[in-house]
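Beneath this line is the structure, given in structure tokens, with notes to follow.
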Amino acid sequence: QVQLMESGGGSVQAGGSLRLSCAASRFTTCMGWFRQAPGKERERVASFYTGSSPVYRDSVKGRFTISIDNIKNMVYLQMSSLRFEDTAMYYCAAEIKDRSYCSFPNGDTYWGQGTQVTVSS
């Protein structure tokens with residue numbers, strides 16, 4: 001198991017920036033961020049498998065950056081040039097079974113409680 005705790009959400013105007021943080025109770029090889037807007041499915045935003053390059057969904061490429069601090073077991077999501085459509089609940093996720101790549105969400109995925117990001121246009 002792994003416990004995840006997000007922080008850093010809030011309200012911001014379009015074009016602004018926010019930094020989300022996720023504290024993990026232990027190291028896992030695959031970490032990432034998902035988001036879910038009202039009435040929509042949860043979608044992967046960014047993920048990072050140890051030793052590999054981060055993977056981003058197309059709509060956030062060039063605007064969001066995921067980073068990992070393996071010593072502190074922290075995962076960050078730096079969000080810039082925020083848009084109204086980025087408004088969602090953001091969830092930190094960890095995959096506890098090592099598959100040599102990030103394959104979540106699946107039965108081995110653990111989630112944080114979520115942090116709300118609201119972007120006003």
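Evaluation of the ring pair (Phe, Tyr, Trp, His ring centres under 6.0 Å) test over residues 92-121, restricted to residues two or more places apart or in two chains, returns F34-F104, F34-W111. Residues in residues 29-74 take part in these disulfide bond (SG atoms under 2.5 Å apart) pairs, two or more places apart or across chains: C30-C102.
Using a 4.5 Å heavy-atom threshold, the side chains of E6 and L4 count as separate. In this structure, V117 and T87 have side chains that are not in contact, with every pair of non-hydrogen atoms separated by 4.5 Å or more.
Around the CZ atom of F84, the shell of radius 6.0 Å holds no more than 12 heavy atoms that belong to other residues, nucleotides or ligands.
Looking only at distances, a side-chain donor or acceptor of R57 sits under 3.5 Å from a matching main-chain atom of R44.
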Listing, residues 65-75 side-chain donor-acceptor contacts under 3.5 Å, not counting sequence neighbours, or none:
from: D69; atom 1: OD1; to: I71; atom 2: N; distance (Å): 3.0
from: D69; atom 1: OD1; to: K72; atom 2: N; distance (Å): 3.0

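Contact detail for A88 and Q116: the closest heavy-atom pair is O-NE2, 3.4 Å. Scanning both residues, A94 and T28, for their nearest heavy atoms gives CB-OG1, 3.7 Å. Across every non-hydrogen atom of S21 and W33, the tightest pair is O-CH2, 3.6 Å.
With salt bridges taken as basic N to acidic carboxylate O contacts below 4.0 Å, one links D58 and K61.
Annotation: cation-pi pair R42/Y91 present, NZ/CZ under 6.0 Å from the ring centroid and within 45° of its normal.
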